[in-house]
2 protein chains.
Amino acid sequence: MQTLSTEDYLKAIYHVSQSSSGAVATTSIAKQIGAKPSSVTDMFKKLSDQNLVKYQKYQGVSLTNEGVKTALRIIRKHRLWESFLVSHLNFNWDEVHQVAEQLEHIQSEKLTNELERFLDYPTHDPHGDPIPNRALFMKTYNKILLTELPVNKEGVCVGVRDNSSGFLRYLDRRQIGIGTLLQVLHREDFDESLHIQAGKSTLMITKKTAENIYVKP
Amino acid sequence: MQTLSTEDYLKAIYHVSQSSSGAVATTSIAKQIGAKPSSVTDMFKKLSDQNLVKYQKYQGVSLTNEGVKTALRIIRKHRLWESFLVSHLNFNWDEVHQVAEQLEHIQSEKLTNELERFLDYPTHDPHGDPIPNRALFMKTYNKILLTELPVNKEGVCVGVRDNSSGFLRYLDRRQIGIGTLLQVLHREDFDESLHIQAGKSTLMITKKTAENIYVKP
DNA sequence: TTAAAAATTTAGTCATACCTAAATTTTTTT
DNA sequence: AAAAAAATTTAGGTATGACTAAATTTTTAA
C-alpha cells in the first residue's frame with residue numbers, strides 16, 4: 001500500500017519516462033512534483049527500497065514492472081474520474097484535473113471497477129488520453145501533431161499535449177475539442193503559423209498551438 | 001484548510017457530542033479515532049489553536065460554531081458519496097462506509113454541489129441519516145428506537161444506530177431495510193426479546209437488535 | 001475524607017516528507 | 001585535459017501526527 005506522496009512520484013516518473021527516453025532525472029521529477037531535488041533523492045531511495053523503481057546514484061530512476069503497474073492503476077483512476085466529472089457532473093475539460101488529482105488516490109478496487117462500468121467502459125478521457133482497462137492495458141491511436149498533418153489532408157482532433165487550463169480554455173473559445181474535424185488550409189512559411197478549417201469555421205493558429213494538438217489523419 | 005487528520009477529529013467530536021451531553025472526553029475520541037489518549041490531547045491543542053474547539057485541560061472539548069460547520073461539511077460529503085455508491089455503483093449499505101471515509105476528504109465545492117444535484121438533492125443517506133444541504137441544514141425526523149414502539153403500533157424503519165457491517169448484513173438477511181414497515185407483535189417480559197412483523201414476514205429479534213433500529217411511528 | 005482507580009497530560013521518540021546549505025559527482029565548455 | 005557549470009547527493013533541520021512511559025489531575029469508592 002502506497003502513501004499519497006509515493007503515488008504522486010510514481011505517476012510523475014511514469015509521465016516523464018513516456019515523453020523522454022532513458023532513465024528519469026532527479027530534476028525533471030522535482031519540476032513535475034514541485035519539490036526540491038534533494039527531496040526527490042530521498043523519495044527515490046524509498047521507492048527503490050520498495051522495488052518500485054531501479055535507482056542508481058547520480059543516474060536517475062526507471063520504473064520496475066511493479067512500479068509501472070502501480071502508476072497505471074493511478075492513471076486509470078485519474079482518467080475514469082475525469083470522465084465522470086465531465087460526463088455527469090457538468091465539469092469542463094479544463095476544470096477536472098485538480099479534483100481528479102485527489103480522487104485518483106481513493107483506494108477501492110470495487111469503486112474503480114464499478115465507476116468504469118457506470119461510464120460504460122470508456123477508452124479515452126476528456127482530453128483524449130487513453131484509459132487503462134482492468135488489466136491495465138490501453139489502446140493508443142497512432143496520432144500525430146497537427147504540425148505534421150499534410151496541407152489539405154483532414155484529421156480529427158484526438159487529444160492535446162498541453163493539458164493546462166489556459167490552453168484548454170483557449171481551444172474552447174476557438175471551438176476546437178476532441179472530435180473536431182481539422183484541416184490545414186495553408187502553412188505560412190514566414191512564421192510557421194497555420195490557416196486551418198476547424199469544424200465549420202476557418203481560423204489562424206500559431207505553430208505553438210499546433211504542436212500541442214494531436215490529430216488522427 | 002484542514003488536514004485529513006483534523007477533519008477526522010472534528011467529525012468524531014461532532015458524532016460523540018451528538019450522542020452525549022456536555023464536553024467531549026479525550027478517551028471517547030481516542031476510541032472513536034483509534035488513537036491513544038495522548039495523541040488526542042495533542043490534537044485537541046491544535047484544534048483549539050485554530051478556534052475549531054473550546055478546550056479546557058482535563059475537561060474535554062466542545063466544537064465552536066466554525067468547528068460545527070467544518071464537521072457538517074464533511075458529513076455532508078460523506079453521506080452524499082454513500083448515497084452515490086449505493087444508488088449508482090452497486091454498493092450495499094454495509095460496504096459504503098470505508099470508501100466514503102476517503103471520499104469525504106475530497107476538496108471541491110463544485111464537486112459536492114454537482115454530486116448533490118446529480119443525486120437529485122437527497123435528504124437521507126442509505127442508513128437513514130440526514131444529509132446536510134448546501135446551507136448545512138438537515139431535516140431530522142422525530143424517530144424513536146424500535147424498543148420504544150408500543151406493541152401493535154406500526155412504524156417505518158428510518159435508520160439504524162449501529163452502522164457496522166455486521167449489523168447491517170444481519171438486517172439484510174432478515175430483510176429489514178430503510179422503509180420496511182415494522183410492527184411489534186409481542187414483547188417477551190423474560191428477556192425483552194420482540195416478536196415483530198417486518199414487511200410480510202414475522203420474526204423474533206433480541207432487545208439488542210431492537211435498540212439499534214430507528215422507526216418513525 | 002482519604003486512598004485507589006481512572007482519566008488526562010507531559011516529556012521524550014519515531015517516521016514521513018519536506019526543506020536549506022554544503023559536498024560530491026557528472027557534464028559541458030574552454 | 002582542466003576548469004567551470006550543472007546536477008545530484010549528503011547532512012542536518014522542521015512540522016505533522018502518531019507513539020510509550022511517567023507524571024498529574026479528576027473521579028470513584030472505601
Side-chain angles (χ1 to χ4, degrees), chain A residues 1-14 16-17 19-63 67 70-71 74 101-102 104-105 107, chain B residues 1-14 16-17 19-63 67 70-71 74 101-102 104-105 107:
Chain A
M1 181 128 308
Q2 302 343 304
T3 64
L4 293 200
S5 200
T6 60
E7 293 195 346
D8 286 336
Y9 274 87
L10 290 172
K11 205 179 62 152
I13 294 167
Y14 180 88
V16 171
S17 70
S19 60
S20 65
S21 63
V24 171
T26 307
T27 325
S28 59
I29 296 303
K31 256 180 223 142
Q32 185 90 0
I33 296 270
K36 300 291 161 184
S38 55
S39 308
V40 175
T41 301
D42 285 353
M43 185 57 91
F44 279 3
K45 286 182 195 158
K46 281 178 210 157
L47 293 173
S48 180
D49 291 344
Q50 294 179 260
N51 277 307
L52 295 163
V53 302
K54 233 180 65 189
Y55 171 51
Q56 276 192 289
K57 255 199 198 180
Y58 295 102
Q59 304 303 317
V61 291
S62 58
L63 290 171
T70 307
I74 300 159
E101 289 277 296
Q102 301 177 62
E104 73 191 4
H105 297 295
Q107 314 257 240
Chain B
M1 182 129 306
Q2 303 342 303
T3 64
L4 293 200
S5 202
T6 60
E7 292 195 347
D8 286 337
Y9 273 88
L10 289 173
K11 204 179 63 152
I13 295 167
Y14 181 88
V16 171
S17 71
S19 60
S20 65
S21 63
V24 171
T26 307
T27 326
S28 59
I29 296 303
K31 256 180 221 141
Q32 184 90 0
I33 296 269
K36 300 291 163 185
S38 55
S39 309
V40 175
T41 300
D42 284 353
M43 186 57 90
F44 279 3
K45 287 181 195 159
K46 281 177 209 158
L47 293 173
S48 180
D49 290 345
Q50 296 180 260
N51 275 307
L52 295 163
V53 301
K54 235 180 65 188
Y55 172 50
Q56 277 193 287
K57 256 199 196 180
Y58 295 102
Q59 305 303 318
V61 291
S62 58
L63 291 172
T70 308
I74 300 158
E101 289 277 295
Q102 301 177 63
E104 74 191 4
H105 297 295
Q107 313 256 235

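Numbered from 1 within each chain, the chains take letters A, B, ... in sequence-line order.
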Legend entry - Where protein sits on nucleotides 13-22 of chain D, one letter per nucleotide: B base, S sugar-phosphate only, - none, heavy atoms under 4.0 Å: ---SBBBBB-
Inset, instruction - Select base, sugar-phosphate, or nothing to describe what A:Phe44 touches, counting heavy atoms under 4.0 Å on all strands. - result: nothing
Legend entry - Interatomic distance, A:Asp8 CG vs C:dT16 C1' [rounded to whole Å]: 14 Å
Inset, instruction - May I have the distance from A:Tyr55 (atom OH) to D:dA7 (atom C1'), rounded to whole angstrom? - result: 11 Å
Legend entry - Integer-rounded Å distance: C:dA6 P and B:Lys31 NZ: 12 Å
Inset, instruction - Map B:Tyr58 and A:Tyr58 onto DNA chain C by nearest heavy atom, then report which one ends up closer to the 5' terminus. - result: B:Tyr58
Inset, instruction - Any chance you could measure A:Ile13, atom CD1, to A:Thr70, atom OG1, to the nearest 0.5 Å? - result: 11.0 Å
Legend entry - Of all pairs that satisfy ring pair (Phe, Tyr, Trp, His ring centres under 6.0 Å), the ones with a partner from residues 21-40 of chain A, not counting sequence neighbours: none
Inset, instruction - Give the rounded distance in Å between these two atoms: NZ of A:Lys45 and P of C:dT16. - result: 14 Å
Inset, instruction - Report yes if some heavy atom in the side chain of B:Glu7 is under 4.5 Å from a heavy atom in the side chain of B:Gln107; otherwise report no. - result: yes
Legend entry - Below 4.0 Å: OP1/OP2 of C:dT24 and any side-chain N or O of A:Lys57: no
Inset, instruction - Taking the side chain as every heavy atom from C-beta outward, state whether B:Asp8 and B:His105 have any pair of such atoms under 4.5 Å apart. - result: yes
Legend entry - Any donor-acceptor N/O pair, B:Gln59 side chain to B:Ala23 backbone, under 3.5 Å: no
Inset, instruction - Give the rounded distance in Å between these two atoms: CD of B:Gln56 and C1' of D:dT26. - result: 14 Å
Tabulate below the donor-acceptor pairs under 3.5 Å that side-chain atoms of residues 34-55 of chain A make, not counting sequence neighbours, or state none.
| residue | atom | partner | partner atom | Å |
| --- | --- | --- | --- | --- |
| A:Thr41 | OG1 | A:Pro37 | O | 3.2 |
| A:Gln50 | NE2 | A:Gln2 | OE1 | 3.1 |

